[in-house]
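Here's the structure, in structure tokens; my notes come after.
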Amino acid sequence: MTLSHHPAARLRRAGFALALSASALTFAAPAEASPLYKSISYSTFPADYWYDGGQPAPNPGRLPTGSYDGYVSQDPTEAEFAAPGYVEPAEGICGTYNSNYDKNGVFVTPAIKRPSFSCGNLEQLRGGAALKTEDDSGTSIPISLVPGDLLRVYRSDTKATVFDTTVTAAPAVISSVIGSPDATIGRTAEGTEVTATLERRVARAVLRHGVTPGVYTWRAKPTGSDTSDFVGTCYYFDYGLYKSVAVADVAPAPPAIPAPAGQTYYLDRDAECRTARTGVPGAPYEAVGHGRLTSATATAYGVNFGTPIQAGDLITYREVRQTTAGDVTTTLTVTTTVPVGVVPPAPPVDVAAPVIKKNDLGAPSTTLKSFLKSGLFSFITLDEPGTVTQQLLLPVAKDKKGSKSAFAPKKKKKKAPKAPIVVGTGTATSTAPGETVKVSIFSTKEGRKALKAIKGSKPVKLTLVTTVKDTLGNTVTSQVPYKLSGK
């Protein structure tokens, strides 16, 4: 198997074809210096990104973690090419190549040297050594990219570097909250364009390529020709296993026909290996949301995918860095696929007021003298941690009506009632749900003065107000009557 079976290789070929078609557009340029286009793009992604989720599980060591593409082109402009007396240079930006067609597209023989204006030779170097793309058996080696690797477009004849770039660490996903459609992704200062896609494994029937062996028959072969039999072997590339798989190809028995005199038979295949599609259960990664840019700073982008992020999703983030200097346009495209953040969703805001499960007064009533001397106690049980505050309130007696004056208005506005006097207060804190706390309520200075001023032996009617506040500020208030009897 060659590198062409690799998905990344197909991407590279597709990118190169696009580069050639794009460079063809340059023939429409005016008669000026030929533009030079330099481009390298590379991608990094998790090891199982290409795996479709089918069974059996793939060998992680054979899965790619990156891909790359690169080219350089400097085609003559249309005006240059069509100018009378135009002579092609001895060599192009990428050297020369043998061609059976001259500059006018006329077939010539023998082949002539033609200038090469498009370089598609690309290699990956790590530590100064070029990485192999195939092992000794011809099996493609999955591409891996790490920061510090060098991607280099070179001339095919001299191996001279035409354009190169160093792989850098991918911008990080700064935040992506599970359950939220928003994410923040780091950017580089040179980023001129950005796109982001949310990807998820979606269960469905995956189509895999299979091969049906061709049909073989015995055919007569002229005397003196090679009489060796040939039985080919078909292969298909399993993208789930990420390797080539041989298909058993057994020759049928020779046809029951007499052999012509003076000839031998040879085994011939009537049909080449045919590709078939096989449906298998799987869950490949598919785009479920395309990021809408919501903010941009010098160091980060904010995007909204329009759908809540789920655990296990991936974010594919593409950043284009393009610069133009004179007639030279340089484009670097970096695509990164990374798992979403594992930041859990924010806990729901507690807006429920605490519940007073029990409000037990140590004694339903006490004497005024005892209260002034020792206070009183209550026992409070809450459903959650919180702070309990209790107050004994003494209502203020209403003012008596005064005598009318000749100068007084006919109608007087009602005066606002005076606030009750706080004759006692106490507080306590609960630290666990269901905990019972003891609140000690002692008289206040103002309360002692007001209670001592009360004449007679009738019980003093008070109101016990209980306020509970939980740790988030939610509150609940209750009030019950309370009496202080005797002196």
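Sequential numbering from 1 along the given sequence is applied to the chain's residues. This is a predicted model, so every value here is computed, not measured.
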Where Leu145 and Tyr68 come nearest, the two heavy atoms and their spacing: CD2-CD2, 4.0 Å

Going from CG on Asp149 to OG1 on Thr165, what distance comes out if it is rounded to the nearest 0.5 angstrom? 11.5 Å

Tell me which donor-acceptor pairs under 3.5 Å the side chains of residues 330-337 have, and how far apart each pair is, sequence neighbours excluded?
from, atom 1, to, atom 2, distance (Å)
Thr331, OG1, Gln322, NE2, 2.8
Thr335, OG1, Arg318, NE, 3.1
Thr337, OG1, Thr316, OG1, 2.9

On a heavy-atom basis, the closest approach of Leu151 and Leu122 is C-CD1, 4.3 Å

Could you verify whether a donor N or O on one side chain and an acceptor N or O on the other, from Glu91 and Ser116, lie under 3.5 Å apart? no

Reported CG-to-CG distance for the pair Asn304 and Leu293, which is rounded to 0.5 angstrom: 10.5 Å

Residue list, side-chain hydrogen bond (donor to acceptor under 3.5 Å, both in side chains) with Arg292, at least two apart or on another chain: none

Residues at least two apart in sequence or cross-chain that pass side-chain hydrogen bond (donor to acceptor under 3.5 Å, both in side chains) with Glu193, listed by chain then number, are none

Looking only at non-hydrogen atoms, find the nearest pair between Val206 and Pro284 and report the distance. CG2-CD, 3.7 Å

Check salt bridge (Lys or Arg N to Asp or Glu O under 4.0 Å) between Glu435 and all other residues, then give those that pass, not counting sequence neighbours. none

Tell me, which pairs form a ring-ring contact (aromatic ring centres under 6.0 Å, His included) where one or both residues lie in residues 283-336, sequence neighbours left out? Tyr49-Tyr285

Just jot down the side-chain hydrogen bond (donor to acceptor under 3.5 Å, both in side chains) partners of Lys357, sequence neighbours excluded, or say none. none

Please list, chain by chain and in numerical order, all residues satisfying salt bridge (Lys or Arg N to Asp or Glu O under 4.0 Å) with Arg114, sequence neighbours excluded. Glu88

Suppose we screen for salt bridge (Lys or Arg N to Asp or Glu O under 4.0 Å). Which residues come up paired with Lys132, at least two apart in sequence or across chains? Asp136

Just jot down the side-chain hydrogen bond (donor to acceptor under 3.5 Å, both in side chains) partners of Asp157, sequence neighbours excluded, or say none. Arg155

Only pairs at least two apart or in different chains count here, so list each disulfide bond (SG atoms under 2.5 Å apart) that has a residue in residues 172-202. none

Which ring-ring contact (aromatic ring centres under 6.0 Å, His included) pairs, counting each pair once, include a residue from residues 92-137, with sequence neighbours left out? Tyr101-Phe107

Who pairs with Asp383 by salt bridge (Lys or Arg N to Asp or Glu O under 4.0 Å), at least two apart in sequence or on another chain? none

From CG (Leu382) to OG1 (Thr431), nearest 0.5 Å: 10.5 Å

